[in-house]
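Below, chain A is the first sequence line, B the second, and so on; all start at residue 1.
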There are 2 protein chains.
Amino acid sequence: MQQELKSQLTKQQIVQEAFTLFYEKGFKTTSINDVVKAAKLTKGAFYHHYKNKEQLGLEVIELKVRKRVYDGMILPLSDAGNPMVILEKTFLNRIKSFPFYDKQNGCPMNNFINEIGNYETAYQSALKHIVETWKAALITLINRGKNEKCIKQNISSEAVAVYLISAFEGIRGIRKLYNDDDILNQYISGLKLYLNQLKA
Amino acid sequence: MQQELKSQLTKQQIVQEAFTLFYEKGFKTTSINDVVKAAKLTKGAFYHHYKNKEQLGLEVIELKVRKRVYDGMILPLSDAGNPMVILEKTFLNRIKSFPFYDKQNGCPMNNFINEIGNYETAYQSALKHIVETWKAALITLINRGKNEKCIKQNISSEAVAVYLISAFEGIRGIRKLYNDDDILNQYISGLKLYLNQLKA
DNA sequence: ATAAAAACATACTAGCTGGTATTTTTTATA
DNA sequence: TATAAAAAATACCAGCTAGTATGTTTTTAT
């Protein structure tokens with residue numbers, strides 16, 4: 001049993017270091033050597049646990065990227081309370097809580113999408129799955145808001161969900177280009193405006 | 001004079017082929033060999049015209065990416081007519097006019113932003129310049145709409161401009177993950193909703 | 001205690017990377 | 001038409017790439 005624990009621990013470390021490097025440098029520019037160096041391991045160890053670089057990429061998406069989006073943007077949506085307040089809080093809190101590091105490097109998911117989103121179907125479906133889960137959670141919340149009569153009935157929940165996600169991911173990329181938060185604050189104003197119109 | 005013409009023609013061809021390859025495969029994954037092969041030239045020719053790969057990247061952004069955004073999204077904004085109609089038409093026409101190739105590969109600018117936006121300041125400022133020009137043109141149009149009383153006075157033109165750009169760039173990335181246009185149509189619904197609230 | 005298997009390390013490969021040095025070809029000018 | 005300069009081609013390099021083959025060490029099971 002000690003062996004399996006050790007194996008899991010090693011894989012965890014590889015995935016962790018890989019995520020960080022992919023986030024900072026990009027997937028394609030990060031070599032397996034970079035990863036094993038950061039994880040204080042050797043290539044032999046890596047290829048004992050992973051078939052190839054693609055598998056590592058997929059596992060990073062499944063375990064790290066997915067969890068990040070889930071914890072930050074999806075889970076808070078199922079909180080109790082006024083759906084409009086939850087919607088506002090989730091998006092605004094997330095944006096406002098980002099440290100400089102995260103602002104500079106953008107959204108890990110969006111980085112993957114734009115770097116390898118048109119690369120291979122395996123990556124596509126892994127990333128699509130995260131987006132779809134996010135979208136579904138938003139739709140559920142918006143529908144609840146409609147039922148509880150705090151969100152207008154005559155709007156498409158799907159459309160709102162997709163537009164919210166698009167703008168969020170878009171600004172996460174654009175923010176990389178700037179050195180200050182002006183553009184982020186303008187996004188926040190735009191978001192508030194968008195959310196206000198949804199109120200019943 | 002024939003010499004300079006030849007030189008310019010060669011550079012044009014290099015930039016053209018480089019743009020296509022960067023768009024399809026990404027900047028970092030495209031090698032100089034790939035570029036000269038596509039341009040039916042040799043490495044010697046390339047390095048006679050360009051100092052290094054970075055300079056090629058910058059020239060592709062300046063000449064190709066910039067022009068693309070300018071022609072498709074910025075120039076139409078200065079048309080005469082109702083600002084709200086222009087806003088709607090520009091965004092919707094653009095989205096609807098994309099062939100499969102463009103839907104699959106996303107927005108060249110957004111690809112660059114997310115692939116090398118946190119890489120070097122030279123890239124950052126080149127890309128930022130495009131975004132700023134786009135943003136400024138949108139603000140001008142929205143302000144005109146306010147003056148002509150077809151757009152609400154009490155909204156921030158900057159905020160709307162940034163939110164529009166963010167959502168557009170965001171969906172261009174997300175669309176890569178899908179095989180059909182459902183997500184694009186949902187974005188369009190969300191966009192229409194957003195634009196409708198701006199009307200005075 | 002020992003054999004097998006898992007975990008990890010070392011050493012290596014073929015092919016590609018950006019970039020350079022040098023030569024050949026084309027063009028401009030006198 | 002000779003000569004200089006620009007344009008382009010050829011041949012090369014050191015360093016890196018994903019991945020492999022083959023060792024050594026550690027853990028597990030008997």
Side-chain angles (χ1 to χ4, degrees), chain A residues 1-61 63 112 115-116 119-120 122-123, chain B residues 1-61 63 112 115-116 119-123 126:
Chain A
M1 216 53 214
Q2 196 183 333
Q3 201 167 70
E4 197 177 322
L5 189 82
K6 202 180 177 188
S7 169
Q8 279 179 347
L9 239 61
T10 302
K11 286 190 82 176
Q12 255 179 267
Q13 198 174 357
I14 290 172
V15 168
Q16 175 58 49
E17 297 297 336
F19 170 79
T20 305
L21 286 166
F22 293 166
Y23 187 33
E24 291 172 3
K25 316 192 353 163
F27 175 70
K28 289 180 291 195
T29 329
T30 300
S31 70
I32 301 298
N33 269 333
D34 291 337
V35 173
V36 296
K37 212 167 164 185
K40 278 159 193 159
L41 287 165
T42 57
K43 230 167 195 181
F46 174 83
Y47 280 99
H48 176 73
H49 291 284
Y50 293 94
K51 193 189 153 202
N52 49 32
K53 193 184 176 183
E54 185 189 339
Q55 243 190 18
L56 174 63
L58 287 171
E59 201 154 313
V60 166
I61 292 173
L63 298 182
F112 268 106
E115 195 187 344
I116 56 174
Y119 230 51
E120 285 187 44
Y123 293 121
Chain B
M1 215 55 214
Q2 196 184 333
Q3 201 168 72
E4 198 178 321
L5 189 82
K6 199 180 176 186
S7 169
Q8 280 179 345
L9 240 60
T10 303
K11 286 189 82 178
Q12 257 179 264
Q13 198 174 357
I14 290 172
V15 168
Q16 175 58 50
E17 298 296 337
F19 170 79
T20 305
L21 286 167
F22 293 165
Y23 187 33
E24 293 173 2
K25 313 191 357 161
F27 175 70
K28 290 179 293 195
T29 328
T30 301
S31 70
I32 301 299
N33 269 332
D34 292 337
V35 174
V36 296
K37 211 167 165 185
K40 278 160 193 157
L41 286 167
T42 56
K43 231 170 195 181
F46 174 82
Y47 280 99
H48 176 73
H49 292 286
Y50 293 93
K51 195 189 152 203
N52 49 33
K53 192 184 177 183
E54 184 189 342
Q55 245 191 16
L56 173 64
L58 287 171
E59 202 153 312
V60 166
I61 292 172
L63 298 181
F112 268 106
E115 195 186 345
I116 56 175
Y119 228 49
E120 285 187 44
T121 42
Y123 294 120

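Checked by atom type and distance alone, the side chain of Lys53(B) pairs as donor or acceptor with a backbone atom of Phe27(B) at under 3.5 Å. Between the Gln55(A) side chain and the Lys51(A) main chain, a donor and an acceptor come within less than 3.5 Å of each other. Of the possible polar contacts, none joining the Glu59(B) side chain to the Val15(B) backbone as a donor-acceptor pair under 3.5 Å is found. Between the side chain of Glu115(A) and the backbone N or O of Gly26(A) there is no donor-acceptor pair closer than 3.5 Å. In this structure, Lys25(A) contributes its side chain and Thr20(A) its backbone to no donor-acceptor pair below 3.5 Å.
For Leu41(B) and dA7(D), the CG to P distance is 13 Å, given to the nearest whole Å. If you take NZ of Lys53(A) and P of dT20(D), they are 15 Å apart, rounded to a whole angstrom. One interatomic measurement links the two molecules: CD1 of Ile14(B) to C1' of dA7(D), which rounds to 11 Å at whole-angstrom precision. If you measure from atom CD1 of Ile32(A) to atom P of dT20(D), you get 12 Å, rounded to the nearest angstrom. Atom NZ of Lys37(B) is separated from atom C1' of dT17(C) by 14 Å (rounded to the nearest Å). Distance CG (Asp34(A)) to C1' (dC16(D)): 10 Å, rounded to an integer number of Å. For the pair Lys28(B) NZ and dG18(C) P, the computed distance is 13 Å after rounding to whole Å. Gln8(B) places its CD atom 15 Å from the P atom of dT27(C), with the value rounded to the nearest Å.
Listed candidates were dA9(C), dA9(D), dT17(D). Nearest to the side chain of Asn33(A) is dT17(D). Minimum atom distance to the side chain of Ser31(B) is reached by dG18(C), of the listed dA8(D), dA18(D), dG18(C). With dA18(D), dC8(C), dG18(C) as the choices, the nucleotide that has an atom nearest any side-chain atom of Lys43(B) turns out to be dG18(C). Nearest to the side chain of Tyr47(B), among dG19(C), dA8(D), dC8(C), sits dG19(C).
Within the 4.0 Å cut-off from OP1 or OP2 of dA7(C), not a single side-chain nitrogen or oxygen of Lys6(A) is found. Under 4.0 angstrom from either OP1 or OP2 of dA8(D) there lies at least one side-chain N or O belonging to His49(B). Look at Thr10(B) and you won't find any side-chain N or O under 4.0 angstrom from OP1 or OP2 of dA7(D). Close to dA7(D), at under 4.0 Å from its OP1 or OP2, lies a side-chain N or O of His48(B).
When heavy atoms are screened at a 4.0 angstrom cut-off, Thr42(A) is found touching base atoms of the nucleic acid.
Across all strands shown, dA1(C) is found opposite dT30(D) as a Watson-Crick or G-U wobble partner, with both distances under 3.5 Å.
Between Gly44(A) and Phe27(A), the residue anchored nearer the 5' end of DNA chain D, judged by the nucleotide with its closest heavy atom, is Phe27(A).
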